[in-house]
Each structure stands twice: as C-alpha cells, then as structure tokens.
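In what follows, a structure is listed as structure tokens, so that the remarks can point back to it.
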Amino acid sequence: RAESATRAQLTVYAAASLTNVFPAIDKSEKYSFGGSNALAAQIKQGAPADVFASANMTLPTQLFQQGFCSKPKVFTRNALVIVVPKSNPAHIRNIYNLTKSGVKIDIAASGVPVGTYTLQILKNMNLTNAVLKNVVSQETDVREVLAKVALAEADAGFVYSTDAKTVPGKVKVIRIPAWAQPKLRYGICVVSSSSQKTAAKAFIKRVLGKAGQKKLHRYGFLPRVKPKS
Amino acid sequence: MAKLTLDQIAVPLRTFQLELSLEVGSTVALVGPSGAGKSTVLNTIAGLVKPAAGSIRCDEETWFDAERGVFVRPEDRRVGLVFQDYALFPHLTVRQNVEYARRHHADEYLDRFQIRHLQDARPGSLSGGERQRVALARALARDPAILLLDEPLAALDAHTKVDVRAELQQLLAGLEIPTLLVTHDFEDAAALADEVGVIVEGRLRQTGTPADLVAQPADPFVASFTGANLLHGEWCATGVGTTGIRLDDGTLVSTTDDGDGAIVLAVYPWDVTISTTRPDDSAMNVVAGAITAITELGNRARVTVGPLTAEITVDSLRRLGLRPGQQVYASFKATGTRVVASRPTEG
Amino acid sequence: MAKLTLDQIAVPLRTFQLELSLEVGSTVALVGPSGAGKSTVLNTIAGLVKPAAGSIRCDEETWFDAERGVFVRPEDRRVGLVFQDYALFPHLTVRQNVEYARRHHADEYLDRFQIRHLQDARPGSLSGGERQRVALARALARDPAILLLDEPLAALDAHTKVDVRAELQQLLAGLEIPTLLVTHDFEDAAALADEVGVIVEGRLRQTGTPADLVAQPADPFVASFTGANLLHGEWCATGVGTTGIRLDDGTLVSTTDDGDGAIVLAVYPWDVTISTTRPDDSAMNVVAGAITAITELGNRARVTVGPLTAEITVDSLRRLGLRPGQQVYASFKATGTRVVASRPTEG
Amino acid sequence: MRRALGFGLFVAVAVVTLAFLALPIVGIFVHTSPGNVLHQFSNPVVKDAFVVSLKTSLLAQAAILLFGTPTAYLLATRRFPGHSLAVTLVELPLVLPPAVAGVGLLAALGRFGLLGSSLSALGITLPFTQTAVTIAVAYVASPLYIRQAIATFEATDPHLTAASRTLGAGPVRTFFRVVLPLARGGLIAGLALSFARGLGEFGATIMFAGSLQKVTQTLPLAIYQEFAVNFDASLAMGAVLVLISAVLLLTLRIALSWRSSPSTRSPSLFGLSSSS
Amino acid sequence: MRRALGFGLFVAVAVVTLAFLALPIVGIFVHTSPGNVLHQFSNPVVKDAFVVSLKTSLLAQAAILLFGTPTAYLLATRRFPGHSLAVTLVELPLVLPPAVAGVGLLAALGRFGLLGSSLSALGITLPFTQTAVTIAVAYVASPLYIRQAIATFEATDPHLTAASRTLGAGPVRTFFRVVLPLARGGLIAGLALSFARGLGEFGATIMFAGSLQKVTQTLPLAIYQEFAVNFDASLAMGAVLVLISAVLLLTLRIALSWRSSPSTRSPSLFGLSSSS
Ligand SMILES: Nc1ncnc2c1ncn2[C@@H]1O[C@H](COP(=O)(O)OP(=O)(O)OP(=O)(O)O)[C@@H](O)[C@H]1O
Ligand SMILES: Nc1ncnc2c1ncn2[C@@H]1O[C@H](COP(=O)(O)OP(=O)(O)OP(=O)(O)O)[C@@H](O)[C@H]1O
Ligand SMILES: [Mg+2]
Ligand SMILES: [Mg+2]
C-alpha cells in the first residue's frame, strides 16, 4: 500500500557519525541518529525503521542472522583519528605521545563500535597497556568523547575522522597510520519489518551509487572498497 | 418537634471507649473536661464517625444500626452541625456559605441572623460573633431535623461571649429543633440548656436540669464541675450516737447525712460565710485558717480559706476588712453540705 | 523588686500599629479582645519582636532603644515568658524542660511546683494544669528579672481553671518578680493583678485597679469589658431645668451626671433590680420589657430585659416566679449609672 | 560573640551551598552568547524538538493532572492496608535511573513486553511513537506532582470537608466545591515542578521512544544529538531549557508567595507567626 | 447512587494510576530471574560498580546533609530579598536534564571551567575523578533533601524556638537542642529520597566524571554499558537498583508512619483528626 506513487517518507536509523552526510545525500527521509548499539537494540524492540545504517558490520550481521534485517552491504568506510583540544594542553604530536604519563585519554567503551576499533588500533601498534593506563574514561558514546575533548577536559580522544570535522574550531586532528587502522566498514540493510522494502532498497542504491559515494567522500568518509595499493 | 435517640452506641477511642445512650428532645447540653468524648458524640450523630455498636434514630428514621448494618451517610442525615471552629469555607463569601446547602432561602437566613450586610465578605474578615452567626445560618439553611453545636462559645473572648450567649439563648428558644450542644463550661450549659449531661471519659456521669446537678451532684467530679468546694474526710463518731466527718485537716464537720469510710463533701461557695471570730452556732461547721486568696468581681468577692472558697459581698469584705494571710473562720450550715459518693475526684 | 519600663514603643502590625508606654513594678494584667496586640507586647519585651521605635528598660539595663540602636537578643534578656500554649519541648522530659535554661537548681523548682513525680514524663502526657506548672517552673528556673504570662488560663477548661487560677494567685503573691500577664478575661485579670490595663487595637484605653475600672470605666468598651450593660441614648431636657437621657427605646433615664448629645450609659447587673410592678421611686430609672433570657447559676440568676441584664438572687427569682417572656420592670438607681464617653462601643 | 560566630557559620554554609547550585547554570550561560541562544530557534532541529517537547509535555501533564489528582486525594485522605506501599510506588519513578525506567517501560509496554501482545492485538504499538514520549515523560515526572498533591490535600482542614458532608454534599461534590479550590495553590506548584522535570526528561525517552526528529526527538534528545555535530548548539539549547524551567518555577513561586505570604506579615524576628 | 458511582470512579482512576506506575517495575522483574539478580553480584563489573556507587552515594549524602541542612533552615525561617530566587535555585537541579547538568558542572568546575584555573592552582582537577562522581550525585540529588528539609523546618512550631531563645539559648544551641530533634523524622525521609535518587544518577555523572570501572563507573553507568553487550545483565542490575531504592523508601515510610501515625488513631470515617 505504501508503494503508491507518492510514497511515505522512509525512516532511516543511522549511526551518529552519519548525522550530517545522510541528509545531504537525501534530505527527504526521516532520520534517527544514535549509537549503533542503541539503534540495533531499538530495532529488535520493533522500532519502525526501514533502513539501518550501522558504524560496523557486526551489528547488522547479527540482526540479519536473527532475521531482523536483510543481508547487510558495506556502504562506506571510516578511519579513526586522535582529537586533541585546540590548546593541546598535553602537547600531543603523534599517537606515541599518548603514552606519556599524566595524559588524560578519553575513549569509547568496548561495547561501542568506536571503542572496539580503538582497542584494535592500540593492539595493532601494541600500545595497549601503555595507553590504557592513561585512559580516564570509557564513554558510552563517541559524542561524549568528542564533547570532553572539545571542552578540553580530556587531553586526547579517539573518534571517527568524520566526527572530528564537526567541531573544527575546537579540536586538532592527529592522524593514525593507515596500517594500524582496523577494518572500519559501515553496513547498511533493509529492516525486515519495513512496509516499504522497495523504497528502502532504492535508498540503499542511492547511497551506494556515484552521487551518494561522492557525498560520503566529501564528508570525509573513505571509499567502500579499499583501493588496492 | 423531632426526637433523637442514641441507643447504647460504642465508639472505641484512643484511650477509652465512648459508651452512651441519650435522648434529645429539647435542648440538651453535654458538659465534660477536654478529651471526654463530647465532639465524638456529635460527630457520631452527624455520621462523621461510625460507632462499633448501638443504634441512632431520629424520629422514625434509623440513621445507624450496628446489628442491621444500617449506616446513613452524613449528607443524607438531616443534621445541622456547627463546629467549634465554625469551619466556614474560607474561599466562599458569607452568602455562598449560607447557600452551600443547595437551598434558595438564603436571604431569609441572612436577614434572620443580621448578616445580610456581610453577605459578600469572606469569613476571614469576620469577628468571632459574626462567624458564629454565619455558621448557624449555614447549618439551619439546610433545614435540619436536629441541631448540633460543638463548643458554640469556646471560640469567643470572654466579653463578646456574654452577649453572644444571650443571643444564642434567645435563638434556641425560638427554634423548634431539638438541639444537642457541647461545652466544657458548666455555666454556659446552665445558660443554654434545659437538661445537662456530664460526660467523663466517654461515659455519662449524671444528667438532669442544671439546678438538679447543683442540688444533688452524683459524684465529686460533677460537684467540682458545678463549682463546689470539695472536702475530703472520714466518717467518725462524734460524741454520743451522732456521727460526723473528720476532714483531712482535722476539723470536725457534722452533716445531715450518715455513712462511714472515706468520703467527699461538696460545699458551694455561696453557702460559706467568713467571720473573724469563731461563730458559736452548733449547726455551723467551721474551718479555721488563713486567707490565701481574695478575688473581687463587681459586688462579689471570692475568699479562699484552706480547702474552702467562700463567695461573699464586697460590702462584708470591706466591713470585715479582710486581707490575704489574715486568720479567719469559714463556716457553713450542716444542711448546706452534700455528701457525694466517696469516689476520689478526677480532672 | 525590679522594674520594667516600655517607653513609647511602636510595632507596626498587619492592620494597625501597636503603640504604648507601660511600667511594670508589681503584677500588671493586660486585658483586651483577641487581636488587640497583647501577645505582641510580651513578645516585644522578650525580644522576639523588634519594635520600630521607642525603648525598653529593665531597671538600669537597656534592652531596646531605637534611637541608640540598642537591641539585646532574647537569650540575653532576663525574662521568663510563659506562652499561651506553654510551648513545652515535646521531645524532652519534664525535668529536661526545667533544666533547659542551663541552671542546676532544677530539683528546687520541681519540688516547689509539685511536679517532682512527673519529672520523667513527657509534656504530651500531662494535663493542662500540670503543663502550666511545668512551664512556670521552666521559666522561673532561668531566674528572670521579669515574668511574662500569655493567657496563663486560656488553655484550661472552665473547671480546672478555677483551681489553677487560685494556685497561680498564691504563686504570684509569693514571687518577688514584677509580672506582666495577658488575658482576654477581665475576671482573670481582676483575680491575678494589682493593676489592669485595657488594650484595644494596640493602644491602652485605661489602666487602674480592677475596682477603678469598674467604678469609672473610661469608655463604653472598657465598661462592657468589665461586664456592664450599655445603654445608648441622647441627652434631653426632662421637665423644668433638670436634664436626663432618652434611651434609644424611648425610656427616660435620669442620672447624676450632665451633658448633651449622643451618649452611652453603663449599668452593672448587680445594680439592677427586677420587679413585676412598676416601682414608684423617683430616684429609680425604669426599663419595662419582656424577659428574654434567664440564667441560673448557684444562688444567683441573670435576667435579661431588653437592653439590660440584671443579676438577682435565685430566691427573689423564685419569689417573683419569673419566666422568659414575662413583662417586668428592670430598675436601677440614678446613682448606679455611669455616663461613659459618647463613643460607640467596639468588640 | 561565640553565638554570633555560630550563626555566621550557618549563613556561610548556606551561601556556599547556593553558590554550588548556581555554578553549573552560570557555566552554561558563560559558554553561550544570548545571540547564540536566540539563533537556535531558527535551527530546524531545535524548532522541531521544541514543538515535540511542548506537545508531549502538555499531554503528559494533562494526564498527570487527570490521573494523579484523584490518586493523591485518596492516598491523602484514606488509610488502607498497603498504603505505605502505594506511596512508595508513587515515589519510585523519582529515584529510578531514567534509563532503567525506559527499559522497564519497554519490558511492560514494548511489543515483547507484558502487555505488548494484548496491545498489538488492539493494533496498538507504543514504543518509538510520540505517545511513547508522552508516557515516558508522564511516568518520570508524575511523582513530583503527586507527592506535592498528597501533602497539600493532607493539609486541608478535615473540618471543612466534614462540614460540607453534613451540609448535604457527597464526597465528589465536596471534592470539587471545597477540597480543590483550597488546594489550588499547592497543586499548581506541584504541576509546575513536574512540568519542568518532564521538559528535561532524557533517559527514559531515548530508551522507550527513541529519537526521531519531528516525531520523538525532544529538546534534551536534540541536545544530546547535537553534542557530536554542533556542540555550541547543544549548549545553547541547554540554556534554553534552563531558562524555561527557571522562569516557570520562579514566577510561580513569587505568584504563590504573594498570595499566602509569611513575608508580607512579619516584623517578627524569629518567624513568630501572627498567632504568637 | 450517582454519588457512590462518582466515588467509585475516583478509586478506579487511582487503581489505574498505581498500576501504571507499577508496570515498568514489574516488567523489569519479569524479565530477570532472582537467580540472575544474585548472579550479578559475582560479575566483577557489577561488584566494582556497586562499590563505587555506594562509596560516592554515602559521601554525597553526607555532603548534602552537612550543607543542605543549614541552607534549608535559613530558607525556611528567614525572609530576605531574593528568597524566591534562592528556593528556585534549590529546585533547578531537579528539573535540569542531567546531561545538561553535567555539561554545566564541566563548564563550572572543569579544568577550563569558571573555577578551573583557581582549582588547578590548588593542584585540584575534578573531572574523571571519584570526587567528580560525588559532586555530580550531590548536585542532582540535593533538591530532594533540601526541599523536604525546608518543608519540615517550616512546620516546626515557632513558639518552641522562641521559648528556647527566651530560656537563654542562642540560635545555634536552639537549632541543635530543639529544631533538629523535632525535625528528625522529616529530614531522614528527605535524605532517603535523595539517597535513592543519587543511586540512580546517570547523565550528569557520565558527563562530568566519565565512566571508568573501579573509579567512576557507578551502577547506572554499568547498566548502560552492559546494555549494549549484555541486556540481561543490565536488566538484572536495574532490578538490583530498584530493590535497594524501594526497600529503603518503604522501610522508612513504615518506620515514620509508626511514629506519628494517623492510621493508629481513627475510627473516624472522613479523616477527622482527634481534635475534631
Ligand atoms: N508577626 C506578625 N506580623 C504582623 N502582624 C501580626 C503578627 N503577629 C500578629 N499580628 C497581628 O497583630 C495583631 C495582634 O496580634 P496578637 O497576637 O498580639 O493579638 P492578641 O491580643 O495576642 O490576640 P489573642 O488574644 O487572640 O492572642 C493581630 O491582628 C495579628 O493579626
Ligand atoms: N479519630 C479519633 N480516633 C481515635 N481517638 C480519637 C479520635 N478523635 C478523638 N479521639 C480521642 O477521643 C477522645 C475524645 O475526643 P473528643 O474530641 O471527642 O473530646 P472532646 O470532649 O471534644 O474534647 P474537647 O473538649 O477538647 O473538644 C480524646 O482522647 C481524643 O484523643
Ligand atoms: Mg471537642
Ligand atoms: Mg495572644
């Protein structure tokens, strides 16, 4: 029924990090941005979502296995960066400075995607213990990490490179070597309970399509497939 | 006019159980100390308190009956209850208060109680006397079968009280409604009611006309309540054959009554005379002692000597030139004494 | 003994301003209607209320002086204030209450007021009389330079009141402390105080011995307060040369005084006699009318006829066989009347 | 001297406390310019959030008023077995972590919840709808109103209700003609408090209703979302919320204290009331 | 008849309301087995969180008691310009979205906040410390205690304090010997309420103190974190919280109603007090 010519708006549940880019790709839909976990949990509780765009693949894959959504597709990738306050009180120049004692580091909790990725990076660079000893807080949401760095309460924090761009005036970005980056893939899928599956599929196409990918790129996201180097 | 009957009602209260039977045909007053259960009686009649046992009837209507499980709700009993604090609705005007009982004769009552000019005032701005009139008007406006007054004079200061009491007296005389009023002042009761019941700790000690209670107080409490002096003593033999009473302070007292054991005598102040020389009148009982207090009021004076308070005229006070501390003799006729049950006094 | 002086103190209150000067050397009573400002006077002396102007001295100590900006805090003034509700500390035992003022003579006072046996009881479980004794003991235990009693008898029911009043009377006589007590009952004032001040709306209307106030009430209010009947009328010529007063109900009244214009006469109940036939005594003023109310008490009866209430003996009541509604003549001597200022009555 | 000192200490402590309570609020305003605050109202996210907040709050408060008042009245005037339990029940939402409350609401009214099946049988699904927001707000805010109402009702003179009964008015008429008019002041105060609390509701809402712009995204949710993308905006919105609540409470308090003011009477030093 | 009906309606409404308030709690317990609840205490995360919660709550309540009581007393007994403002200030934390409160605390006490510099000059940095948790909890929970305390103090008979003064006791001695003993019941009740509220504090804590196991992670924070990974665990923890709060409040209410109980006296139908 909702398949009529003038179809109703889609409801898109998307990871917080997509807050700016998705409306840019398609402003006609309704969006609910939040921590991917929370969104997934809500979908399990029967939230009226048509599309779920997660900041990782694990969550949508879980949903898929439990029959809550279609098989997820990777639609973009992201990278982690270190943000430090503009004033950079702890004089962080690179990731290795994070091991200096007394540095206040803020990361997301292991339950949250960003948190998992952060730990992977530290593992890859085997800085795990050296850095974790400086961690002062494990937030429940990447927003809190960003807020605390922005307020200069924390000396440094791990966030998506895309998040960093949203508070330009307040933080400085410090890159993390590409080789240490985890596979940071965003998955998107159609929610099983959706009443507008075709429209939902169409939306996903738009995201995967040229225009969509361009927008994503403009907002600092990486191409969905790693360019072979 | 209607008749209200309380039949062996029982209300468990915090420290004791209220138990009484009562008939209200004319104007009856319940007097008793604070906490005796007076208000509870009124609340029970009005249906604000539910007794554990007994029955309440108003003429033919049964308002409460424990056995038959009858309980008529307060709004369906035709009682006019005037609270001690008048309980006027502060957010309504005098007129609205009187009209509250959903009847349209408000004007009639506003005029009858001369509160027409106050009709737009709020209770907060009224004097004690005016409040009482409004409360009465409001209660009567619902045209009750029986009128209940809780301490109608307690909220007034002594000098308005006299006027208001007179007012009330005339009003009740005019009404054709049986009235039960409650007070802890015997004088008020005597002024307002044809019949007085003395209630203590939830039980009626004595009922009768005010004069009766003064004439034959059933027990020391009633006696003291009606203003008598109480003399404690023992029966003992006085000379040949005749018996008398030895007071705790030793003085011998003769009475017209007879008995033995511990005892309490009631003597009213106006039966006691004061003299500076011992009166040699065999019929007289004499208590010697120093004056501990003198109170003048108007043309009368109360003189306290030991256990006795005498009421004499100011003239004789002056004539005898009495002063506190002075040694005098307080004497009263044997006939002027009443032997009251040898129970110890309460309150 | 010490002396307390209030010099032109002024306290703005909700509806009026309290303004008075007062000297307390012996036992003084302030009487007045509710809301007159009596308690405020005591609170001001105790330092619980701060006047806007004036000064308060106790002997040489200055407790308050608006000009010099002196204000001694209540805890530093040596006053013993007994509240109307006694304000005993409910969470402390009687003994702890008495000891509260940090002095160690508690026993002395517990004995003196015969409350030793109650020392471990909490105030909640005491009778009115006992509470008052505790309150007094507590106040005196701090050894005050002046004693302030707010309505010492108001919290008692009528029949304990009489005893407690006598008790208090003896106590005050015994104390060597100037005392200011407040009451709205003239009778209590007369019983307890050497000097009485009548206060209305924050101003002293008259001060003097109780007898004075009865003898020459300064104004209708004081008169009615002391229990007089008030007769409203007008001066007018009565026959040749002599003047008299025409009451509002028309009856002519002659007095020993003289004047003109609207006027109020005070007549005390005990100066009024009742007769069934018109007394033909020229010296007598006669008011004819029907009896509206009869109140018997002990050997006296109060009979109300029109504007007059007469106090007669029960004997004469019986002899004349008076009944409500009966036509009678209430008469009083010209000398028995007092002309009081032609101001309308309050209260 | 020592005494004066003791009293001074009291005042000092009070000042410190009040300062502490004021600081965070000051902080928020320091970080945002008034211009910024005003500017927020042109931000569509804020506008939508504001509308949603207002709509749901009003509905929720209406419900609270409608259901809470009789409940409070009964709890205040009747004693029955389990009375204490009932009162505790009324207070619990106040002390529940809002997030837990939200989970609880899901567990109760969610589609897998206790009543979920019966509700969906009626074709009703609550979670993630605006109704859900209203419910969450009502649940979390109700205690503030109900407790106040209970206190107010307990304070009304039983003689007045008794008088009304003896004058022929049944319990209900008595309630509307006597009890309510007398309790008005207290009830309004309570409602204002719960309204303000409702405006600030976050945890339960996000759990039970999610955060969907124009539908379930209230001001606090918007604030939270903006943290990531637009920090200043979120602070400014916070300021807006504070302002609304503060103004609401303050005007009310002043209005009420104008009515039954102890401060209007009182030359008395030690709070002696007029009966003294 | 109509009347009886009207009254029945009242009862019905009350029942519905109470049921609604009970539902979410029931929901939580239905979803978790008692075994699960107990089992949580062997979960190290929960254990640590529990310890942190307890420690910070106790400290916070101590602070509230110490600072809140004199404040409440002054607000209750003195009238001064800005009195209404002060009272509103006391109420605000109750109505602030906790997250906003947290940001406010950062803006005020954070190292770059208003007092930040002066604090760091003293070598103090609050954020991310346990002290920060305590502060957040104290800030959010204080209104519940202070408001109750104000009400209680306002209710104490001014004659008693006046009497104490005239008996030579200064304001401070009066406060400790007369006012406090009389107010005890009310104060305890208020404290219990604020304690329970403090236990549930989430938003402000995460903002101002962050969440670090063993250091700043309180029960609600743990609940939220587990929420993602382990739903049952979080529910169980929620249940634990509810239990603690409920038991606390209930025992207290019963204890108090034992002392000054209207229910022990009263054959009276219409709540007529003994003075009637
Ligand atoms: N703190 C106060 N501020 C303003 N007005 C007050 C205050 N206390 C009392 N009043 C008013 O001052 C007047 C006198 O009060 P006060 O209590 O002194 O009268 P009172 O003579 O003691 O009356 P009562 O005999 O009823 O005790 C009353 O009108 C009262 O309303
Ligand atoms: N609702 C009630 N439940 C239990 N006990 C009560 C109740 N109301 C009053 N009482 C107790 O019953 C006794 C009588 O109370 P009541 O008010 O009837 O006395 P009273 O004679 O009216 O006293 P007062 O003259 O002071 O008004 C008192 O001891 C009181 O404590
Ligand atoms: Mg009574
Ligand atoms: Mg007074």
Side-chain angles (χ1 to χ4, degrees), chain D residues 3 6-7 10 13-14 17-18 21-25 27-28 31 67 70-71 74 77 79 84 86-89 91-92 94-97 99-101 103-105 107-108 113-114 158-159 161-162 170-172 196-197 200 202-203 220 224 238 245-246 249-250 253-254 257 263 270-273, chain E residues 3 6-7 10 13-14 17-18 21-25 27-28 31 67 70-71 74 77 79 84 86-89 91-92 94-97 99-101 103-105 107-108 113-114 158 161-162 170-172 196-197 200 202-203 220 224 238 241 245-246 249-250 253-254 257 263 270-273:
Chain D
R3 282 184 201 137
F7 183 70
F10 262 52
V13 171
T17 312
L18 292 175
L21 291 173
L23 261 179
I25 292 162
I28 288 174
H31 273 256
F67 287 84
T71 310
L74 291 188
T77 54
R79 289 283 172 276
S84 301
V87 177
T88 308
L89 209 54
E91 281 175 349
L92 263 188
L94 202 58
V95 303
L96 223 44
V100 175
V103 176
L105 284 168
L114 291 177
H159 282 194
T161 44
V172 176
R197 171 69 181 88
F202 172 78
Y224 194 66
S245 310
L249 292 180
L250 193 56
R253 179 159 310 288
I254 290 170
S257 69
S263 35
F270 303 110
L272 280 178
S273 78
Chain E
R3 281 185 200 138
F7 182 70
F10 262 53
V13 171
T17 311
L18 291 176
L21 290 174
L23 259 180
I25 293 163
I28 289 176
H31 275 252
F67 287 85
T71 311
L74 291 187
T77 54
R79 290 281 172 276
S84 300
V87 178
T88 309
L89 209 54
E91 282 174 348
L92 264 186
L94 203 56
V95 304
L96 272 187
V100 174
V103 176
L105 283 168
L114 292 176
T161 45
V172 177
R197 170 69 182 88
F202 171 77
Y224 198 84
L241 261 178
S245 309
L249 293 180
L250 193 56
R253 179 157 310 288
I254 290 169
S257 69
S263 35
F270 302 109
L272 280 179
S273 80

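Just so we're on the same page: letters track the sequence lines, and every chain starts at 1.
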In Å, rounded to the nearest 0.5 Å, how long is the span from CG of D/Leu21 to CG of E/Leu96? 10.5 Å
Pair count under 4.5 Å, heavy atoms only, with chain D: among E/Ala108, E/Ala101, E/Gly104, E/Gly27, highest is E/Gly104
Atom of D/Glu91, atom of E/Leu249 and distance for their closest heavy-atom approach: OE1-CD1, 3.8 Å
Contact summary for D/Thr71 and E/Ala14, nearest pair of heavy atoms: OG1-CA, 3.5 Å
Report which part of D/Phe202 has an atom under 4.5 Å of a heavy atom belonging to chain E: side chain, backbone, both, or neither. neither
Measure across E/Pro24 and D/Leu105 and return the closest heavy-atom pair with its distance rounded to 0.1 Å. CG-CD2, 3.6 Å
Do you know which of E/Leu241, E/Ile28, E/Thr17 has the most heavy-atom pairs under 4.5 Å to chain D? E/Thr17
Tell me, out of D/Gly238, D/Ala22, D/Gly113, D/Ala86, who's got the most heavy-atom pairs with chain E below 4.5 Å. D/Ala22
Measure distances from E/Leu74 to the heavy atoms of chain D and classify the residue's part below 4.5 Å as side chain, backbone, both or neither. side chain
Separation of E/Leu18 CG from D/Leu89 CG (nearest 0.5 Å): 6.0 Å
Heavy-atom side-chain proximity of D/Ser84 to E/Leu250 below 4.5 angstrom: yes
Answer whether the closest heavy-atom distance between the side chains of D/Val100 and E/Pro220 falls below 4.5 Å. no
With a 4.5 angstrom heavy-atom cut-off, which part of E/Phe10 approaches chain D: side chain, backbone, both or neither? both
